[in-house]
Amino acid sequence: MLLAKTSVNIEGDLLLGFGRYIYLHRDSQGKQLGISISKAMLADTPELESQYLFWL
């Protein structure tokens, strides 16, 4: 996870929100495969055509 909305609950636990995120996809050797972004971030970025941006 490269970016996620976070908050802390009353017990002090860190909570991740998945309404807005950027996630880095890796293979089993750790090689970067691409990223995916939330639908909310895609809506804010009209120049992108897909939530999924992969490279080989």
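When reading the values below, keep in mind they use all heavy atoms of this one structure, side chains included, and skip hydrogens, waters and symmetry mates.
Contact record, Gly17 with Ala4: O-CB, 3.8 Å, taken as the closest heavy-atom pair. Taking all atoms of both residues into account, the shortest heavy-atom contact from Ala40 to Gly19 is CB-O, 3.4 Å. For the pair Phe18 and Tyr21, the tightest heavy-atom approach, listed with the atom from each and the gap, is O-CD2, 3.4 Å.
Ring planes of Tyr23 and His25: perpendicular class, angle over 60° (limits at 30 and 60°).
One distance of note links CD1 of Ile22 with OG of Ser36; it measures 9.5 Å at 0.5 Å rounding. Taken from OG in Ser7 to CG in Leu16, the straight-line distance is 8.5 Å, to the nearest 0.5 Å. Considering CZ of Phe54 and CD1 of Ile35, their distance stands at 9.0 Å, rounded to 0.5 Å.
Just one of Leu3, Leu42, Leu2 meets the side chain to side chain contact (heavy atoms under 4.5 Å, CB included) condition when paired with Ile37; it is Leu42.
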